[in-house]
Protein chains: 2
Amino acid sequence: MTTPPGLREQKKQATREALREAALRLAVERGPDQVRVEDIAEAAGVSPRTYNNYFASREQAIVAAVTADREARIAAAIAARPAGVRLAEAITEAVIQQYTNTSERDSEVLLLITSRTALRDAFLDTTAEIEPPLTAVIAQRLGDTGAQTARVLAASVAAAVRIALEGWLRPAGTAGATGSFGAAGLVVPSGSLSDQLRAALAPLAPAFDAAERRTP
Amino acid sequence: MTTPPGLREQKKQATREALREAALRLAVERGPDQVRVEDIAEAAGVSPRTYNNYFASREQAIVAAVTADREARIAAAIAARPAGVRLAEAITEAVIQQYTNTSERDSEVLLLITSRTALRDAFLDTTAEIEPPLTAVIAQRLGDTGAQTARVLAASVAAAVRIALEGWLRPAGTAGATGSFGAAGLVVPSGSLSDQLRAALAPLAPAFDAAERRTP
DNA sequence: CAGGAAAAGTGCGTGTACGCAAATTTGCGC
DNA sequence: GCGCAAATTTGCGTACACGCACTTTTCCTG
């Protein structure tokens, strides 16, 4: 059913990644406001029109360089957990694991992202991407009868993650200007990201428990 | 604290409504694709630039004509319910009440909205507007300790409503073309809107119960 | 009621988003 | 290998979104 990765699809992914990388590189080099779609397209070796076949806005390519494939990794992380544990717990831990897996580079880029409202919004919008794979994983656990329930719970998780991220990087936006920054570790505005995520997801746990109880 | 409605604010609301009405009227008259921002602005007696001070996209004004003030009405409806009933129930009923309160005109316009993807998306996006008032109402019931919980639950409700609406008007989009339509009642794709909303909100009830139990 | 600060409205310029149709590339069967 | 059907890329044209600086309106205070 799943077509073996043809050369066509391969090339498409290559183009997508080239655009992502070019966008991020240019944004870091010049500052996010000094990068036009035209520049990104040129750097990736495609036409500006093609850029918009891959990304619907200038910001998407930049944030995609950080969030790429996060949805798939979260879904895999959940599926990897033993079937015995509570669904709520499996999801919480999987989400935390993936979102705190930020490399050194990522943490630098996050500063850049928070520095522009448009970028920040685009970044937060990527939380919606985890919905489809999350829905699939949840539906699998709940059985076919709970398809609608799975969608609602997945969307709720995405919303909670979004809120956690907002809370986490809000104070960061108020302080620094565009230019230099430094410090050793991550920016730790109001509690660690792990704590924010745990706190945001906790209220949903009873809903997961009830859903699981209905189809054990 | 709350400034008495100055003449300034009054005029702003008047402009906003003028834009809404003009947008909807033109969209119905000519078809949604034959209406430019310039046209709407002219019909409302403001400059095109001012249009974008009120609405961030061409579609927003059109859908706003249908969804105007829905958030406030939902919040009021919840607050109006006796403090004794379950929060989950109060919210569910209030939401259903407000979303099924469609006038004759609204049902006609909904057909128009579903006929264009961009309009449909803009319409679904309006569900996010209920979050802030919903957060306030929920937070009030849960006490100040549950502020974060209130946000998450409110966002979950908004997500559930969105899913319900999607499911409700999906089949409607596949059938009819732009032009004529008729029939007596509302379009009833897959179950009534009430049923869709109830089904989408049901999975969240345990989360509300648990939150209430924590601060009774 | 005059003065002036704050807010809303406007014009302009730039970059963006995307429908459409033509040109190019890819993959498959022969 | 050949050629064709499907998918992708591209150019073009149009409309939109919005930052910025400037004008006009509102409304508060003395």
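What you see below is based on every heavy atom in this structure, not just the backbone, and it leaves out hydrogens, waters and symmetry mates. Lettering of chains follows the sequences in order, A, B, ..., and the numbering in each one begins at 1. All values reported here derive from a predicted model rather than from experimental measurement.
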Undergrad: Quick one: do the B/Arg70 and B/Gln98 side chains pair a donor with an acceptor below 3.5 Å?
TA: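 B/Arg70 vs B/Gln98: no donor-acceptor pair found between side chains.
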Undergrad: Whole-Å distance between C/dG15 C1' and A/Asp33 CG?
TA: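 One finds 12 Å between C1' of C/dG15 and CG of A/Asp33, rounded.
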Undergrad: Grab the CZ-C1' distance between B/Arg58 and C/dA17 for me, whole Å please.
TA: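 It works out to 13 Å between those atoms.
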Undergrad: How many whole angstroms separate atom OH of A/Tyr51 from atom P of C/dA17?
TA: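 Atom-to-atom, A/Tyr51 to C/dA17, this comes out as 7 Å.
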Undergrad: Mind checking if A/Phe55 touches a base, just sugar-phosphate, or nothing, with heavy atoms under 4.0 Å?
TA: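 No contact at all - A/Phe55 keeps every heavy atom at 4.0 Å or more from the nucleic acid.
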Undergrad: Could you please name the option among D/dT10, D/dC27, C/dG9 that lies closest to any side-chain atom of B/Asn53?
TA: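 Nearest listed nucleotide: C/dG9.
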Undergrad: With a 4.0 Å cut-off on N to O distance, would you call B/Glu93 and B/Arg198 a salt bridge?
TA: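 Salt bridge: yes.
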Undergrad: Figure out the CD/C1' separation between B/Glu9 and D/dT25, and round it to whole Å.
TA: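 About 15 Å, once rounded to whole Å.
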Undergrad: Within the structure, does a side-chain N or O atom of B/Lys12 lie under 4.0 Å from either OP1 or OP2 of C/dA8?
TA: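 So the side chain of B/Lys12 is within the cut-off, an N or O lying under 4.0 Å from OP1 or OP2 of C/dA8.
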Undergrad: Please determine, for the side chain of A/Val37, which listed nucleotide (D/dA17, C/dT10, C/dA17) has the closest atom?
TA: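 Nearest nucleotide to the side chain: C/dA17.
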Undergrad: Quickly work out the A/Leu19 CG to D/dT9 P distance and round it to whole Å.
TA: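 Atom CG in A/Leu19 sits about 10 Å away from atom P in D/dT9.
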Undergrad: Nearest-Å distance, CD (B/Glu59) to P (C/dA17)?
TA: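 Rounded to the whole Å, the gap is 14 Å.
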Undergrad: Would B/Arg25 and B/Glu29 pass as an ion pair if we require N to O under 4.0 Å?
TA: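 Judged by the 4.0 Å cut-off on N to carboxylate O distance, B/Arg25 and B/Glu29 do form a salt bridge.
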Undergrad: State which of C/dA6, D/dC16, D/dA17 makes the closest approach to the side chain of B/Arg36.
TA: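 Nucleotide nearest to B/Arg36's side chain: D/dC16.
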Undergrad: Using a strict cut-off of less than 4.0 Å between a Lys/Arg side-chain nitrogen and an Asp/Glu carboxylate oxygen, indicate whether A/Glu166 and A/Arg162 qualify as a salt bridge.
TA: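 Between A/Arg162 and A/Glu166 there is a salt bridge, with a charged N closer than 4.0 Å to a carboxylate O.
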Undergrad: D/dT9 phosphate, OP1 or OP2: any side-chain N/O from A/Ser47 under 4.0 angstrom?
TA: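 Checking A/Ser47 against D/dT9: no side-chain N or O falls below 4.0 Å of OP1 or OP2.
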Undergrad: Could you please name the option among D/dT8, C/dT16, C/dC18 that lies closest to any side-chain atom of A/Ala56?
TA: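 For the A/Ala56 side chain, the nearest candidate turns out to be C/dC18.
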Undergrad: Could you state the CD-C1' distance from B/Glu42 to C/dG9, rounded to the nearest angstrom?
TA: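 Roughly 17 Å, once rounded to whole Å.
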Undergrad: Just compare D/dC20, C/dT16, D/dC16 and give me whichever is closest to any side-chain atom of B/Arg49.
TA: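 Selected nucleotide: D/dC20.
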Undergrad: Between B/Tyr51 (side chain only) and B/Arg58 (backbone N and O only), is there a donor and an acceptor less than 3.5 Å apart?
TA: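 Between the backbone of B/Arg58 and the side chain of B/Tyr51 there is a qualifying donor-acceptor contact (under 3.5 Å).
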Undergrad: Look at the side chain of B/Asn52 and decide which nucleotide, out of D/dC18, C/dG9, C/dG15, has an atom nearest to it.
TA: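 Selected nucleotide (nearest to the side chain): D/dC18.
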Undergrad: How many Å lie between NZ on B/Lys11 and C1' on D/dC27, as a whole number?
TA: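 Checked: the NZ to C1' distance equals 12 Å.
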